[in-house]
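Report on the following structure.
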Amino acid sequence: TVAGHGHHSLFGELGAIVARSSIGSPVMDWDGLTTWGGGGFATLGYEHASRHVVLRASAGIAVGRGGAQPMVGFAIGARP
């Protein structure tokens, strides 16, 4: 949590991405293709947490071998 007051918080996340892509062969002379890649992401978001429900929205960027792309996320969670 970067900053927060009461039920409201500003949060940041940094993380790694591991991806596997597999393409099957539509022809007999080619075995297809499987490749692995990696990258990272950084996001900044807003969280509203009540006693039993947590709502999150974030926006960020994902970076990998193919370049950089924007990303958005929404999450709904529950607390016991």
Side-chain angles (χ1 to χ4, degrees):
T1 301
V2 177
H5 179 69
H7 297 288
H8 308 280
S9 297
L10 178 68
F11 68 90
E13 293 180 309
L14 296 172
I17 299 169
V18 176
R20 178 181 181 267
S21 178
S22 182
I23 300 170
S25 173
V27 296
M28 293 180 60
D29 293 342
W30 182 53
D31 292 333
L33 176 71
T34 299
T35 184
W36 288 83
F41 69 90
T43 63
L44 189 62
Y46 167 77
E47 176 180 286
H48 177 80
S50 66
R51 183 173 178 174
H52 296 291
V53 178
V54 178
L55 304 173
R56 281 185 148 198
S58 62
I61 189 166
V63 179
R65 182 174 46 187
Q69 294 292 319
M71 58 187 260
V72 295
F74 300 99
I76 301 171
R79 292 182 176 173

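Heads up: numbering here begins at 1 and tracks the sequence.
Contact record, Arg79 with Ala49: NH2-CB, 3.5 Å, taken as the closest heavy-atom pair. Residue Met71 comes nearest to Ala62 through the heavy atom pair SD-CB, 3.9 Å, listed as atom of the first residue, atom of the second, then distance. Taking all atoms of both residues into account, the shortest heavy-atom contact from Ser25 to Gly32 is CB-N, 3.6 Å. Shortest non-hydrogen contact noted between Phe11 and Ser58 is CZ-CB, 4.0 Å.
Other residues sharing a hydrophobic cluster with Leu55 under the 4.5 Å side-chain heavy-atom criterion for ILVMFWY residues are Val53, Ile76. In this structure, Ile23 belongs to a hydrophobic cluster whose other members, linked by side-chain heavy atoms under 4.5 Å apart, are Val27, Trp30, Leu33. In the hydrophobic clustering (ILVMFWY side chains linked at under 4.5 Å, chained through shared members), Val63 is joined by Ile61.
Among residues at least two apart or in separate chains, side chain to side chain donor-acceptor pair (under 3.5 Å) pairs with a member in residues 11-23 are Glu13-Thr43, Ser22-Thr34.
Note that CZ of Phe41 and CG of Leu14 are 7.5 Å apart. Values are rounded to the nearest 0.5 Å. How far NE2 of His8 is from NE2 of His48: 5.5 Å, rounded to the nearest 0.5 Å. The distance from atom CZ of Arg56 to atom CD of Glu47, rounded to the nearest 0.5 Å, is 4.5 Å.
When the side-chain contact (heavy atoms from CB on, under 4.5 Å) test is applied to Gln69, no partner is found at least two apart in sequence or on another chain. With sequence neighbours excluded, the residues that form a side-chain contact (heavy atoms from CB on, under 4.5 Å) with Arg65 are Thr35.
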